[in-house]
Amino acid sequence: MAESTNIVQDLSERFGGAILGAQATADGIPTVWVEAGQAPQVLGYLKKDVRQPYKMLWDLTAIDERTRVHRSGQPASDFTVVYHLISFDRNSDVRVKVPLKGEYPSVPSVTKLWQNANWYEREAYDMFGLKFEGHPHLVRLLMPPTWEGHPLRKEHPARATEMAPFTLPDDKQDREQEALRFVPEEWGMKRHSEDADYMFLNLGPHHPGTHGIIRIILQLDGEEIVDSVLDIGYHHRGAEKMGERQSWHSYIPYTDRIDYLAGVLNNLAYVQSVEAMAGIQVPDRAKVIRVMMSELFRVISHCVWYGTFVQDLGAMSPLLYLFNDREKAFGIIEAVCGGRMHPSWFRIGGVAHDLPNGWQKLIKDFVEYMPSRLDGYEKAMLKNQIIKKRTVGVGAYTLEEALEWGITGPGLRAAGLQWDARKQRPYSGYENFEFDVPVFQNGDSYDRARVRAEEIRQSLRIIEQCLKNMPEGPYKSDHPLTTPPIKEKTLKDIDTLINHFLGVSWGPVIPAGEACCPIEGAKGYYGYYCVSDGGTMSYRTRIRTGSFAHLQMLPYITRGHLVADMLAVVASLDFVLADLDR
Amino acid sequence: MWTEIGWPLVVVAGVLFVVLNLAAVLIWMERRLLALWQDRYGPNRVGIFGVLQPVADMVKIFFKEDWVPPFADKVTFVMAPAIIVVTVLLSFVVVPFAPGVIVTDINIGILFFLAMSSLGVYSLALAGWASNNKYSLIGGMRTTAQMLAYEVFMGLSMMGVVIQAGSFSLTEIVEAQRGLWYCIPQCVGLVVFFVAGLAETHRIPFDLPEAEGELVAGFHSEYSGMKFGMFFVGEYLGITLISSLTVAMFFGGWLGPWLPPVLWFAIKTLIVLCLFILIRASLPRFRYDQLIEIGWKYMLPLSLVNLLVTGGVVLLMR
């Protein structure tokens, strides 16, 4: 951390007056306030010139500060733009905040610095109405083009009941449909080349190869992809806005539905951030239970990916085998959590219940059953010559490109960087486990597949260690903000009873502050950036997901490939649309 | 008198009946077998083991609205599914099921089959074109390129057999295998023919014209009801045809001890059919350019070499 305090000093010395101050946050990430005009220079310095540079723009978002009460020591602002950068060389992050004044303020765009800023700035424009000067095509990203208002502004209604009843007369329907028409010129695309007319093909919104509702507009020359544009947001449910209307506790079930294949992994990312703000230390047993369930869900998520990956390449059987295996894992999840895909089982301060009697046998059977199955899949799929022909060298990116586009998780490890948050930034006790981080070098679809296949084995290793070393003790912290508190105690002492009463009727009151404690999710480095204003509800919940970053890169890595390759690349990226649109 | 007019009529009616019903049963068989290999049940509710499932499907498909999209080219759109069924059924004319059980034993049986299968391509290409849908168009284009590449060496792969048997008539080819089935001397021809057959019937790994994950349903995206049913039946008729030709040319047709010849033919054909289904259960799909590459770069030279060697050996033996 010495390195990280230095960066604040370094910046103050170099940029002097442009640095408006530093801010202490609960997650310990150095946070610097920078004056808007100087922001691109400061960010450019951090990306390129500083020793051990911060190469990745991991997240870019905004906060509507107009109704926030507890922000002493921070520069005055109506809106704040937040840049979260990661340096893999120093294994540390920096958060740059830019204060903006006015109703619809503007800030210089950083799309020239980072390619992936494109979507993030469009999202911030869409959600807050902020203008990014110099952005190549600042239009709405998640909301329909005809939407009025910017949903994450505080004055925008959070619920349908606060708005006029929805109607869809014919003329409005026509308008909405017309707004969906794709006009190539708006995206700087030509309709003809010198010797060919291009075909514009809508891949989606409903298409069997896209795993959900997303629209990929392909510019085709024959079957060759000249360029493509992604139209996303069909799955947008306003998960971030909902965070501002749910208590800290009752938001947990919403997190399950972000990366809906990864269940409690979502819970973990969220409760970790809340616990950091509340200052809760989670007991050892709860930590190990969390690790075990998270890894089980990683296996489940990767199983779905494995099956759909080869299915998109045309093989139909593996999907069914893998769904059978996943079903076995779900059996364990159901026995432990009661739920299956969305168990919402982690709690602020621990987990919902202790493990049930006989859980050891379920886990033991599973970790003994899976490895031989995985051997079979590897033989039948990854070593299959047709699959190799279809994926080797297809949709490849270099490590530099991966960093530029904010690729994390298995996608980054496929491009040759051995960086896994469980190893490099252990949380929830991962430092106590033995496992390897698989790395491959080519960054193509095939290597992305191999990384994930190998990760299933490593997850099984971790689960096995959890089985052998499950500590005794409480499954929840006895911190007053643990929600709900341990029931036995509420019946005996008045302090716990009061906390229980408040926690359940109001919801826990989390101290004012900010935290983002990301985890190694199934689909990338995954975090909830929570801002508390000292209330029972979040002031701002920002969800940074892997799918969003990875999909943004799709047009870039599929140029010049064929339509069939597009599907292979889509399958190898492993995204979930709820994770993309939130 | 009776044998002159009556018997051919019985054969024609019998072949039509058996072949069309077989296509229906095949649909059920494929679904059950796939289910077996994929750890699931498959259709098991209608009748014993679900055997009546095709009947239920047929009833459903007949009662569906016979819809032609307003943007389609009507005449061609309606004609296309008929073409595939007609051409495949016509090809069955030359298949010898048993001695005497053949609709017409023309002395250019193989050439007739090749001609018919070439005509069958029109069905897919026209369907893709007439649908006026981008996915269908791509599917139709893929079909045309695929068929061009695969017709060529399909014909050549059969010529080895023709040289050895000294005849284009399938009956004579079967008779010529009394000593040794051609699957042994013509093993290269067999492999090439089977691969071409997979492509001809556009089955995995060569199901590019319809590739559901890429082109939704390719050339038949816009089809529904019985017109879709025709494509469906056409595909299964095609598989049956390729299987029975494989048996006739390489596995001694109806030849075999103890059992009646027709039964031998049926058993052998069924085994080849299961192989088709097994391949579908186990392989992914090639990419368009890779498929064309395999056709022109590997299969065509291979079949030419096979032809040369066979010709040389036959000349030497004389």
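Predicted, not measured: the structure shown is a model, and the values here were computed from it. Just so you know, these numbers use all the heavy atoms, side chains as well, and skip hydrogens, waters and symmetry mates.
Of the inter-residue distances, the one linking B:Tyr135 atom OH with A:His207 atom NE2 reads 4.0 Å to the nearest 0.5 angstrom. Between the CZ atom in B:Arg40 and the CG atom in A:Leu320 there is a gap of 5.5 Å [rounded to 0.5 Å]. Atoms NZ and CG, from B:Lys134 and A:Asn202 in turn, are 6.5 Å apart once rounded to the nearest 0.5 Å. If you take CG on A:Leu201 and CG on B:Leu137, they are separated by 10.0 Å, rounding to the nearest 0.5 Å.
The number of heavy-atom neighbours closer than 6.0 Å to OH of B:Tyr298, taken from other residues, nucleotides and ligands shown, is 12 or below. For CZ of A:Phe182, the number of neighbouring non-hydrogen atoms (other residues, nucleotides, ligands) closer than 6.0 Å is greater than 12. By the neighbour-count criterion of 12 heavy atoms within 6.0 Å, atom CZ of B:Phe63 is sparsely surrounded, having that number or fewer from other residues, nucleotides or ligands. In the displayed structure, A:Asp171 atom CG is contacted under 6.0 Å by more than 12 heavy atoms of other residues, nucleotides or ligands. The number of heavy atoms from other shown groups lying within 6.0 Å of OH (B:Tyr122) does not exceed 12. By the 6.0 Å contact criterion, CH2 on B:Trp28 is enclosed, its count of non-hydrogen atoms from other residues, nucleotides or ligands being greater than 12.
Looking at heavy atoms from C-beta onward, B:Pro284 lies in side-chain contact with A:Asn384 at the 4.5 angstrom threshold. Side-chain contact between A:Leu562 and B:Asp289: present, with at least one pair of heavy atoms (C-beta onward) separated by less than 4.5 Å. In this structure the side chain of B:Arg287 reaches within 4.5 angstrom of the side chain of A:Asp565, judged on heavy atoms.
When the candidates A:Arg390, A:Met316, A:Met566 are compared by the number of heavy-atom contacts under 4.5 Å with chain B, A:Arg390 comes out ahead. Ranking A:Met381, A:Glu223, A:Met199 against chain B, the residue ahead of the rest is A:Glu223, based on heavy-atom pairs under 4.5 Å.
For chain B, no part of A:Leu319 is nearby; none of its heavy atoms comes within less than 4.5 Å. Only the side chain of B:Tyr288 comes within contact range of chain A, with heavy atoms under 4.5 Å apart.
Here the side chain of B:Gln290 pairs a donor or acceptor atom with the backbone of A:Lys389 at under 3.5 angstrom. The backbone N or O of B:Ser282 sits nowhere less than 3.5 Å from a side-chain atom of A:Ser317 that would complete a donor-acceptor pair.
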